[in-house]
Structures are given as C-alpha cells and as structure tokens.
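Comments concern the structure below.
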Amino acid sequence: MRSKMLGVLFLIVTVFDSVTNATNPSEDVLRELHSKFAKYNKDLRPNIGEDPVTVGVSIYVLAVQDVSDTNMEFTLDIYFRQFWNDSRLSFEGNEAVDKIVFGSEKIEEIWKPDTFFVNEKSSSFAGPATDSDSFLRMGQAGNILMSKRMTVTAGCPMDFSWFPMDSHLCTLELESFAFSMADIHYVWQDGDNSVQLSQDVSLPNFKLLGHRQRDLELLVMSGNYSRLMMDLQFVRTSGGSKYFVPAGLLVAFSWLSFFVDHQKTMARLSLGMAPLFSIIFLEMKAIEEISPISYSTAIDIYMGFSSFIVLVSILVTVVLNVLEKRKDGKKKSKDGKNNSIEPCAGQEENIDEAKEGPVQGCRWWYWIDCGCLVILPVIFLVFNLAFWIIFGSRNEHVENIIEL
C-alpha cells in the first residue's frame with residue numbers, strides 16, 4: 001500500500017514538473033526572433049550584393065480631405081502598406097504560430113525601404129510611428145508587412161482652361177530616396193487591385209471619377225530609380241449654375257433699357273451699368289476660387305462676351321443721346337429758339353410739322369431700339385449654343401482609368 005502511494009506521488013510530481021517546464025509555442029518563436037534581432041544589422045538591406053529587394057506596395061484611400069484650387073494640391077488619408085522579404089528574420093513556426101505582429105517599436109529595429117513621396121508637400125510619413133497608426137507583421141519565411149496610416153498632401157498641377165467645367169488628374173508618386181534599382185525594385189503588390197478607395201470618399205466641389213496605377217524606371221545622373229504612381233481623376237461638380245445663369249439673366253436685364261424712352265438717358269444707363277458691374281463682380285468671385293493664372297478660362301470667355309453685350313446696350317444709349325443733342329443743336333441754330341423735342345407719345349400735330357419734326361425723329365430711335373432687341377438676343381443665343389457645344393460636352397478620357 002505504501003509503495004502504491006509513493007508511485008502515485010511520483011507520478012503527480014512528474015506531471016507537475018512537465019507542466020511547469022512546458023513553454024508556449026509563441027514564446028519559442030519570440031525567443032528565436034530575439035536571438036536573431038541581437039545579431040541583426042538594420043543598416044544593411046536583405047541579400048546585399050545579390051538581387052535587388054522587391055518591395056510590393058498597396059494603398060487604401062480612406063478619405064480625400066481636400067482638393068485645393070488655390071494651392072494646386074490634394075490631401076489624402078491612406079493606409080500605406082509595404083511588403084518585402086528579409087530571410088534574416090525567418091523563424092521556425094508551427095501550425096499555431098505562422099506569423100507574429102509587432103507594434104511600432106520593432107519598426108525602428110529592422111531594415112526598411114527608405115520610401116518617400118516625390119511630390120509631397122507635407123505628410124505624417126516621416127513622423128514617429130505609434131501603435132495606433134503603425135504595425136509590423138513577420139511571416140515564417142521572413143515575409144514582412146509594414147503598414148502605416150498617414151495623411152499626405154501632394155502637389156497637383158492643374159489646368160484651369162475649362163474652369164468651372166474642369167477636371168484634374170492628381171498623382172501621388174513614390175520611390176526610394178537612396179537606393180537605385182540595383183538595390184530596390186518597387187511593384188504594385190496586388191496588380192490592378194493594389195489601390196482601393198473607401199466608398200465614403202466624397203468632396204463638396206469635386207467628384208472622384210476613378211483611379212489608375214503606373215510604374216516607371218526613372219533615369220537620373222545618380223542612377224536608375226524605380227517609381228510607382230497612383231493617379232486620381234477629379235471633376236468639378238460646382239460648375240456653371242452659380243455663374244452662368246446669373247450672368248445670362250443680367251444680360252437679359254440690360255435689354256430692358258431699350259423699352260425706356262430714349263430721352264430718359266440716366267434711366268437707360270442705370271439699366272445697363274448695374275448688370276455690367278454685377279457681371280464684373282461675378283467674374284472676380286470666380287477668379288478667387290482658383291490659383292492665379294496667366295491664361296483665359298471658360299468663364300473668362302463667357303463673362304467677357306456677356307460684358308460686351310451689356311456694353312453694346314450702354315453704347316447704344318450713349319450714341320442716341322449724342323445724336324439727340326446734335327439734332328437739338330441744329331434745330332436751335334435754325335429756329336433761334338431753345339425748345340427741346342417733345343416726346344412722341346400723345347403728339348397731335350399737323351402733318352407738315354410731323355414730317356419734319358419730332359415724329360420722324362422718334363421713329364428713328366424706335367427702329368434702333370427694335371433692331372437691338374432682335375439682334376443682341378440672337379447674337380447672345382448663338383454664342384451660348386457655340387459655348388456649350390464646345391465646353392459643355394467635354395469628356396476627358398484618361399487611358400486605363402478604373403472608374404468608380
């Protein structure tokens with residue numbers, strides 16, 4: 001009986017010892033990786049002296065914060081992910097542990113591509129990494145994923161010739177700062193699916209039409225560099241309604257001056273000058289929305305022609321006033337009297353006086369006003385048809401664009 005108790009006690013001690021000495025599989029992997037980190041040189045790229053490191057890139061666009069006309073730039077919130085292989089960090093995993101995720105502290109302990117955005121103006125990419133916006137994932141074979149959430153503002157050259165019916169292709173470019181293609185070669189990790197956009201992407205003044213990915217080899221004096229480019233196509237949505245419709249109504253308003261008696265010069269001038277100044281004000285407000293440029297835009301052409309039509313109505317009034325005064329001067333010198341011409345309405349004079357007096361003059365002014373009421377609207381209508389055929393039907397096609 002005593003021997004049986006000793007045997008049971010021995011068995012219990014053996015089981016307890018084996019349990020206490022057993023290790024978690026993940027702890028074995030971490031122990032192996034820590035030993036590798038102790039001998040790791042982060043200043044040397046993987047496979048130095050051999051084939052270049054292939055760095056795969058994928059981008060997920062969380063939001064487009066802004067597309068700035070005045071500064072010619074755009075701002076994105078993105079997940080920026082880079083993939084590469086470093087055999088020095090491979091480990092013997094098992095079915096339970098085939099990859100390990102680290103926080104931002106490990107990012108600073110390994111070699112990583114010195115990727116930068118070529119056309120960036122500002123970004124959080126070079127800032128300190130934190131666990132809330134960065135992580136590092138290692139696989140058994142040394143496959144590494146480095147992911148970082150970031151905000152980047154990049155330059156976007158814009159052509160405003162078609163403003164406010166314009167569209168722009170903004171590009172985000174990235175490459176290695178120090179390593180040429182002999183050391184690093186960039187590729188899109190998932191082919192055409194390497195760039196993805198959130199369904200919540202929206203802007204108040206622009207619509208995102210689509211995107212595309214490109215890659216090229218850049219040849220400079222210091223060597224050949226691998227570059228990746230992500231293009232985003234934007235089209236303006238706040239187009240002509242707030243400019244063209246008011247301008248057209250102001251032009252039509254200026255034609256009311258032709259219904260006013262030609263002798264009421266100030267009233268006719270007021271009906272012309274008010275629309276002219278309003279159109280100039282609209283033009284100035286439109287120009288404030290974009291960056292200062294040295295060429296004409298679509299809205300410059302429309303506002304310029306609208307101002308011309310209004311100016312014609314003003315000039316007609318001025319010319320009529322000059323002719324009226326000249327005729328009055330001739331009549332005064334002939335009759336020696338200082339009498340002004342009476343209005344046509346309600347005149348009841350004998351036939352001889354009418355033939356050589358006011359009625360004949362009033363018919364002349366009447367036909368000038370009627371001619372302007374016909375000719376100017378026709379000219380403005382033809383201009384509008386030509387303008388909208390040229391500018392309104394524009395559909396800029398970008399090759400290989402992936403539409404949303």
Side-chain angles (χ1 to χ4, degrees), residues 41-61 67-68 71-76 78-88 107-108 110-129 134 144-148 150-159 168-195 210-234 291 293-294 396 398-402:
N41 188 346
K42 68 176 184 179
D43 296 324
L44 300 179
R45 72 168 179 86
N47 304 322
I48 188 168
E50 301 179 8
D51 293 336
V53 179
T54 299
V55 179
V57 173
S58 70
I59 297 176
Y60 184 84
V61 180
V67 177
S68 174
N71 298 325
M72 292 192 182
E73 62 185 26
F74 66 111
T75 303
L76 304 176
I78 62 174
Y79 287 136
F80 184 67
R81 301 184 177 106
Q82 299 181 88
F83 305 80
W84 71 94
N85 180 273
D86 192 341
S87 58
R88 297 174 295 177
I107 294 178
E108 303 302 323
I110 67 169
W111 179 93
K112 55 186 178 293
D114 59 341
T115 308
F116 79 105
F117 294 108
V118 179
N119 59 331
E120 76 170 344
K121 291 187 175 181
S122 64
S123 75
S124 59
F125 186 73
S134 305
I144 297 176
L145 161 62
M146 184 174 68
S147 179
K148 184 170 185 178
M150 55 188 300
T151 299
V152 56
T153 299
C156 178
M158 297 180 178
D159 180 10
H168 305 286
L169 192 68
C170 295
T171 304
L172 187 64
E173 306 178 18
L174 62 95
E175 68 178 43
S176 170
F177 185 78
F179 295 102
S180 66
M181 290 191 67
D183 295 302
I184 288 183
H185 178 62
Y186 286 98
V187 297
W188 289 109
Q189 177 69 16
D190 301 315
D192 292 338
N193 297 321
S194 299
V195 174
H211 64 90
R212 70 175 178 183
Q213 301 133 217
R214 293 182 290 156
D215 61 270
L216 60 84
E217 179 180 341
L218 184 67
L219 177 61
V220 294
M221 294 184 62
S222 57
N224 297 353
Y225 291 84
S226 177
R227 178 177 294 185
L228 297 182
M229 293 176 289
M230 177 187 70
D231 299 323
L232 300 177
Q233 186 182 18
F234 300 96
S291 179
I293 53 177
S294 60
E396 184 177 352
V398 177
E399 187 178 358
N400 299 327
I401 197 76
I402 301 175

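All figures in this text were calculated on a predicted structure; none of them were measured in a lab. Numbering starts at 1 and runs along the sequence shown. No hydrogens, no waters, no symmetry mates; every other heavy atom, side chains included, goes into these values.
- Going from atom CD of Glu175 over to atom CZ of Phe116 covers 4.5 Å, rounded to the nearest 0.5 Å.
- When atom types are taken as modelled, the side chain of Arg214 and the backbone of Asp231 share no donor-acceptor pair closer than 3.5 angstrom.
- Summarising the geometry of Arg88 relative to Trp111, their closest heavy-atom pair is NH2-CB, 4.0 Å, with the distance given to 0.1 Å.
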Working for side chain to side chain contact (heavy atoms under 4.5 Å, CB included), residues Phe80 and Val152:
CA-CA 10 Å; Phe80 184 67; Val152 56; over 6 Å; no
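- For Gln213 against Asp192, the heavy-atom pair with the smallest separation is OE1-O, 2.9 Å.
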Can Lys148 and Ile107 be said to form a side chain to side chain contact (heavy atoms under 4.5 Å, CB included), step by step?
CA-CA 11 Å; Lys148 184 170 185 178; Ile107 294 178; over 6 Å; no
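- Between His211 and Leu232, the closest heavy-atom pair is CB-CD2, 3.6 Å.
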Stepwise side chain to side chain contact (heavy atoms under 4.5 Å, CB included) check, Lys42 with Asp86:
CA-CA 11 Å; Lys42 68 176 184 179; Asp86 192 341; over 6 Å; no
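- Contact check for Glu173 versus Leu218: no side-chain heavy atoms found under the 4.5 Å cut-off.
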Just do the side chain to side chain contact (heavy atoms under 4.5 Å, CB included) check on Asp114 and Phe179 with the steps written out, would you?
CA-CA 8 Å; Asp114 59 341; Phe179 295 102; 3.3 Å; yes
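- Counting all heavy atoms, side chain and backbone alike, Gln189 lies closest to Gly56 at OE1-CA, 3.3 Å.
- Listed for the Asn400 side chain is no donor-acceptor partner under 3.5 Å among the backbone atoms of Arg212.
- With rounding to the nearest 0.5 Å, the separation of CG in Leu169 from CE in Met158 is 10.5 Å.
- In this structure, CD in Glu217 is found 10.0 Å from OG in Ser180, a value given to the nearest 0.5 Å.
- Side chains of Val118 and Arg227 form a contact here, defined as non-hydrogen atoms less than 4.5 Å apart.
- Considering only heavy atoms from C-beta on, Val61 comes within 4.5 Å of Met230 through its side chain.
- In plain terms, the two heavy atoms of Trp188 and Val57 that are nearest each other are CE3-O, 3.4 Å.
- No side-chain heavy atom of Leu172 sits under 4.5 Å from any side-chain heavy atom of Leu174.
- The main-chain N or O of Met229 is never found under 3.5 Å from a side-chain atom of Thr171 such that the two would form a donor-acceptor pair.
- The two residues Ile184 and Pro52 make their nearest non-hydrogen contact at N-CB, 3.9 Å.
- Contact annotation: the side chain of Pro113 never approaches that of Val53 to less than 4.5 Å [non-hydrogen atoms, C-beta and beyond].
- Between atom CE of residue Met146 and atom CZ of residue Phe83 there is a gap of 11.0 Å, rounded to the nearest 0.5 Å.
- Looking only at side-chain heavy atoms (C-beta outward), Thr151 and Thr75 come within less than 4.5 Å of each other.
- If you take CG on Leu219 and OH on Tyr225, they are separated by 10.5 Å, rounding to the nearest 0.5 Å.
- A distance of 9.5 Å separates NZ in Lys121 from SG in Cys156, rounded to the nearest 0.5 Å.
- Judged by distance alone, with hydrogens and angles left aside, the side-chain atoms of Asn224 form no donor-acceptor pair with the main-chain N or O of Met181 at under 3.5 Å.
- Taking the six-membered ring where the residue is Trp, Phe74 and Phe234 present tilted rings, their angle falling between 30° and 60°.
- Annotation: side chain of Met150 is in contact with side chain of Phe117 (closest heavy-atom distance under 4.5 Å).
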